[in-house]
Structures are given as C-alpha cells and as structure tokens.
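Just so we're on the same page: letters track the sequence lines, and every chain starts at 1.
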Amino acid sequence: MSDPVGDLLSAVVATASAVRGGGPVQPPTLERPSKPDFGDYSTNVAMLLAPGMGQPPRAIAERIAEGLGERLGNDLGRAEVAGPGFLNLFMSDAWCCRSLAGTLEAGDAYGAGDRSGAQRINVEFVSANPTGPVTVASGRHAAYGDSLCRILEFAGNDVDREYYVNDRGGQIERFVASIRARGQGEDPPEDGYQGAYVVEVAQRLPGAAEIDGEKLARRAVEIMLEEVRETLARFRVHMDRFSSEEALHDSGAVAEVLDRLEEREHVYPLDGAVWLRTTSFGDDKDRVLMRSNGELTYFGSDIAYHEDKRARGYDRVIAVWGADHHGYVARMRAAWEALGGDPEQLELLIMQLVSLIEGGQRAQMSKRGGEFVTLDDLVEDIGVDATRWFLLQRSHDTPLDLDLDLARRRSQDNPVYYAQYAHARIASILRRAGEERVTRALAADVAGSAEELHRSARSLVKRLLEFPEEVTEAAERRAPHRLTTYVTEVAQDFSAFYRDCKVVGAAEEGGDEDLRIATCESTRRVIARSLDLLGLAAPAEM
RNA sequence: GCCCCCGUAGCUCAGCGGAUCAGAGCGAGGGACUUCUAAUCCCUAGGUCGCAGGUUCGAAUCCUGCCGGGGGCGCCA
C-alpha cells in the first residue's frame, strides 16, 4: 500500500527512537503547516522526547534532523528546527514525484485500508416506522449511514446495511385505523395519521374497512416499505436486510430472550408489570419489559432484535438512532450486557435533529400530523447529489438547520458542484490530451521526473497524499462529513495547479507533460473516490 | 430536577485524542472571460474561538462551574 506520509512518520519515529537510545516513542504528530515557511511537514517529536531525556527540545530536534537526513537521503531537502522545538521537514521534488507515482501504482486501492484488520460490521440506520414516506430527517440518517458504510467498506471491512422495521404496536394500529377511515371517506382519528398519502394507501387497499386487522396491517406495511425502498434506491441507498419486529415475535425469539433474562435474574415483577433491572448496568432507572396489560414494550422487542444481531456473529454492531432516542441508549446497552454482550461491540450513535427552515421559520416535522417534507420532494427539488452533500456536510452529532429556500436558491452555488466541476475539468483536460497520450504518461517514469515542481503542484500532491489518512479518520471517527471538507480542499488545490501549470503542452513552459498528466489522473481518482464514498456522482463533463 | 447536543468572521459551520488551526463556504467591496471547461480564479474585509476558573512549558481543543440556544426525560414507538 502506498502511503508516503505514513512512511515518513515511521521514519521520524525510528530516528527518534535511535536518538533516544531505543525503546518506544510516544506517537508524534506529522502535520502540514499552514505556512510554507514551516516546511512540507512538521513534527513535535523532539518536544515529546524532551521530558524523558532531560535535554532541551531544540537540541534533540537537531540530532533527529541529522539522523533523518541520513535515513532519508535525497528524499529530504532539508530539516529545520523552529520555535520551541518543532522539526520542519522540506521534502525534495524527487520525493513528491515518487510519492505521486505511488498513488497511481496503487490504482483503485489507493487510500483503501488493508484487510488485515477486517471486521464484520452491521450498521442499522434509517429504520423509520413504515407508516409514511421517508422524511428529510430520515434522509439525513440514510445519507449518513450509507456513506459511513461505504467508508467502512473502503477502509477494509465487511459491512451489512440493515433496516429495522417496526411493523407492530400502537403506531401500526393507528396507521391501520387511519387507512380504514380514509377508505370510507372519513377523516382519520385524532391520534391517527393525517397525511394525504394515507388516502393513496387506502385507494390501493380497496375494501380496507372489511379487511381483517392483522392482514390489513401487513399489506399496509408492505406498501409503505415498497415506497421506502424506492425512495432509498433513488437516494442510492441499498439495504442488505430488512428485519421485521413482528417476525421476532412470530419466531419466538422475543419470548426466548425474555426467558434468558429471567434465568439470569435480571427481571422482576412490580405493579403487575415485568421490569428489567437495567440499573445493574448503569441505567438510571429500571425499565418495563412487559406492561401490566400483558403487552410487550417496544424495548422488549428491541432487546430481542439486538440479541438477534449479536447472534449473527458480527465483530461490531452499530446503530444510528435519532436524537429522540438518546435516553434509550443506556437501557439498550444495559440489556445487551445483561445478555452477556460485550459492551465494546455495541455502538449506538445519536443523530442530532434536522430542522427545516422555510420563510425564516423553523418547522418541526411530524409524520403523524402530516407536516413534513419528504426526501423525495427535496431530491426532486435540488437533486440527489446536492441533497446528500447538504445532509452530510455536518457532523452527525450537530443539529442541522436545513434552509429550504437556501437549498433551492443556491443549488447552483452548492459546494458539491465545486468538487464535481473540478472532476469534470480534469476529465476534459485528459480528453484533450487523448487516451493514448494519457496511457503513455501513466506508463512513463513519473517517479524519476526532473521537473522543478511549482508550489501549486507540490501542494496538490501533498493533498493527495493525505487521502489514506482522511479515509482512516473518517472511518474511525464515524465521520463522513470530513470527506466533504477534504474533497473541497482537493478541488481548491487542483484549481491552483490548473491556474499555474499547463498540462497539455507543458513542454512549452519547460514542464514535464507526463508528470502533469499523471498529477491530473491521480487527482481525478481521489476526487472520484471521495465523491463515491459520499454517494455522489463524479461527472466527466458539466 | 436529570440527561444529550450546540455556542468559532455578518450568516451556515469545519477544526476539538493540546503546540505550526484561528479556517472554509456563503454574504459584502474590487478585479480577471480570444479559457487545457469562468459551475472558475485573484485581492479586500472581519473573530478577546459564550463567560469565569483550573490542568499544562503550551488550551478553540482537556476538567469544573456559570450563562445562552435546541432536544429528550411514558407500563408510546
């Protein structure tokens, strides 16, 4: 795997270890300073070593600089000690060219994780109740969950995308009652679903009033799920599995889990209900599993569902929940542990709210009240790419204000087009060069190019070299939004390169056309991959 | 009362397992189209990173308290 920055960091650590006289070294930083005066890369390694060695950091930095010079040879232009003891590294053009060549040799795997640490991961997301269309709020879950899965896969894991269908319980009964009412031309009950879509569902279920309750519920859920699937498909989200709550009851899985909790003596009766002693595992109060009327709670089903996922043998089980479920985390984790689950394996991520702003007003969305904007509407309005970008730009634990007027009006200014435009522009340049010419350039000895690199070219190459680390960070921190920032930076750096360095006809200004074509191709691939990880298209022309 | 998230440039926010991170986009003002695609580029503006303590050689970043905003606290799902 080509990772020149990682290799450079390893060299720094090895040199530091030697200077200290062996032994492990606390992982130093290796950053790209904002000011060119501070070199291509800067490390704090000397300052980390100083306390243990009892020597001034600057003196240690000098010795590491010397050692690095020997270790890296021509790769290192020079190393300077700065400030309190930073070591600023200026890499040679040769190093940049060789590194660039490395990104191309890696092919499609550039930036991908190696499979040595591959995990089987289950990611459950969206899981919106099948009682209405997918809302924009669920769209955020869809965009986030799907992008996270793409990133986790690219980082070297095996991922299952899963949707949990709450196809029983009170909300289904209210949904059915609403359909029945609409089927007879009446308004739904007050606590029912008021949305106009219920009328359409009723029309697809003629004679709804006469159909048996359970059967009607199943068919209504089928219809809604079909729509959910279609909406998600248009949004480029494909679930590997839909898990039914009802099926867990039918199979006896729920009853079995309750028995096991009882065997383990985590359950007790009180006030006619059955409680789970979640406080034994850190929850602030115990929770009801079975109501005094004999009905199981949603929590009871959900325990069985998570136990089902656990039994499937994943290394890691991730669920993305809405902010309104945050109070639910402690009890689910408690139940997981009560059944013998490893708390390390269960990850419950809370997605903060999406608020819609329209006409300067904050609108709360309510599926039951029929007041919501559907994902389909928004996608139709501004397109899949802009919608996904919009929903992915912000960290999942930050509330998102979605200004509809802005989203529509600014559709041309949306930063997503900036990255896509850079990709299209590169594609255009490569078309101009011609397929045969590009092939020849990629086969050429780019690593050995003698071109004196323009600073824009150096910046761009260094940016491309950040890609593997960006993928790792985005995966480990469950943070797809980092890639929106990164791909924008790549596009910006490319724009500067485009301005300063002629590609086709580079020789006219003393440049190496092979090298510059290779730079374009590497950039194009990194942008395309980044966009793909976000679930966005990488157009060849715009 | 308890819990979660947030408070960074006029606006929307990134950065938050400490240092060389004070940044991006939009908005505002000015400039560049006989272009390897101007859906672009360049310049200007402006912030005591909510406040107060603490830890540290060093804090937007970690800890505590406070203030402000949003959300959640059911034998609903």
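A side-chain donor-acceptor contact under 3.5 Å links A/Arg168 and A/His249. For A/Ser395 and A/Asp397, the side-chain atoms include at least one donor-acceptor pair closer than 3.5 Å. No hydrogens or angles considered: a donor-acceptor pair under 3.5 Å links the side chains of A/Glu162 and A/Ser243.
Shown here are the ring pair (Phe, Tyr, Trp, His ring centres under 6.0 Å) partners of A/Phe38, two or more places apart in sequence or in another chain: there are none. The ring pair (Phe, Tyr, Trp, His ring centres under 6.0 Å) test applied to A/Phe90 returns no partner, not counting sequence neighbours. Partners of A/Thr488 according to the side-chain hydrogen bond (donor to acceptor under 3.5 Å, both in side chains) rule, which considers only residues two or more places apart in sequence or in another chain, do not exist here. Listed by chain and residue number, A/Phe494 satisfy the ring pair (Phe, Tyr, Trp, His ring centres under 6.0 Å) test with A/Phe497 (two or more places apart in sequence, or in another chain). For A/Ser522, the side-chain hydrogen bond (donor to acceptor under 3.5 Å, both in side chains) criterion is met by A/Thr103, not counting sequence neighbours. For A/Pro399, the side chain to side chain contact (heavy atoms under 4.5 Å, CB included) partners are A/Gln352, not counting sequence neighbours. In terms of the side-chain hydrogen bond (donor to acceptor under 3.5 Å, both in side chains) criterion, residue partners of A/His454 (sequence neighbours excluded) are, by chain and number, A/Ser456. Applying the side-chain hydrogen bond (donor to acceptor under 3.5 Å, both in side chains) rule to A/Glu469 yields no partners; only residues at least two apart in sequence or on another chain are considered. Residues forming a side chain to side chain contact (heavy atoms under 4.5 Å, CB included) with A/Glu227 (at least two apart in sequence, or on another chain): A/Arg204, A/Met224.
Within the nucleic acid shown, A/Ala82 comes within 4.0 Å of at least one base atom, counting heavy atoms only. When heavy atoms are screened at a 4.0 angstrom cut-off, A/Asp284 is found touching no nucleic acid atom at all. Using a 4.0 Å heavy-atom criterion, one finds that A/Ser301 contacts no nucleic acid atom at all. Contact annotation for A/Ala540: base contact, defined as any heavy-atom pair under 4.0 Å involving a base atom. Residue A/Ile429 is in base contact, counting any heavy-atom pair closer than 4.0 Å across all strands shown. Heavy atoms of A/His325 sit under 4.0 angstrom from at least one base atom. Using a 4.0 Å heavy-atom distance criterion, A/Arg482 is classed as a sugar-phosphate-only contact. Nucleic acid contact for A/Asp397: sugar-phosphate only, since backbone atoms but no base atoms lie under 4.0 Å from a heavy atom of the residue. At a threshold of 4.0 angstrom between heavy atoms, the contacts of A/Asn88 include nucleobase atoms, whether or not backbone atoms are also involved.
Closest to the side chain of A/Arg477, from the set B/C75, B/G17, B/A14, is B/G17. Closest contact between the side chain of A/His326 and the listed nucleotides B/A77, B/G71, B/C5 involves B/G71. Picking from B/C75, B/C4, B/U12 the nucleotide with the shortest atom distance to the side chain of A/Thr297 gives B/C75. In the set B/U12, B/C76, B/U20, B/C76 carries the atom at the smallest distance from any side-chain atom of A/Arg291.
Rounded to a whole Å, the CD atom of A/Gln393 is 10 Å from the C1' atom of B/A24.
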Protein and nucleotides 41-45 of chain B: nitrogen or oxygen contacts under 3.5 angstrom:
{"from": "B/C41", "atom 1": "OP1", "to": "A/Tyr418", "atom 2": "OH", "distance (Å)": "2.3"}
{"from": "B/C41", "atom 1": "O3'", "to": "A/Arg499", "atom 2": "NH1", "distance (Å)": "3.1"}
{"from": "B/C42", "atom 1": "OP1", "to": "A/Arg499", "atom 2": "NH1", "distance (Å)": "3.3"}

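With RNA chain B read from its 5' end, the first of the two nearest nucleotides for A/Glu473 and A/Thr485 is the one closest to A/Thr485. Residue-to-nucleotide proximity on RNA chain B shows that, of A/Arg432 and A/Gly170, the 5′-proximal contact is made by A/Arg432.
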Under 3.5 Å for both distances, Watson-Crick or G-U wobble, that's the pair rule; now give the dot-bracket for RNA chain B, with | marking pairs to another strand and [ ] for crossing ones.
(((((((..((((.........)))).(((((.......))))).....(((((.......))))))))))))....
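In terms of polar N and O atoms assigned as donor or acceptor, the side chain of A/Ser292 comes within less than 3.5 Å of the base of B/C75 in a complementary pairing.
Comparing the P positions of B/G1 and B/G65 gives a spacing of 14 Å, expressed to the nearest Å.
Residue-nucleotide stacking is present for A/Tyr498 and B/C36, judged by a side-chain ring centre under 5.5 Å from the six-membered base ring centre and planes under 30° apart.
The stretch residues 501-510 of chain A touches RNA chain B through A/Cys501, A/Lys502, A/Val503, A/Val504, each having a heavy atom within less than 4.0 Å of the strand.
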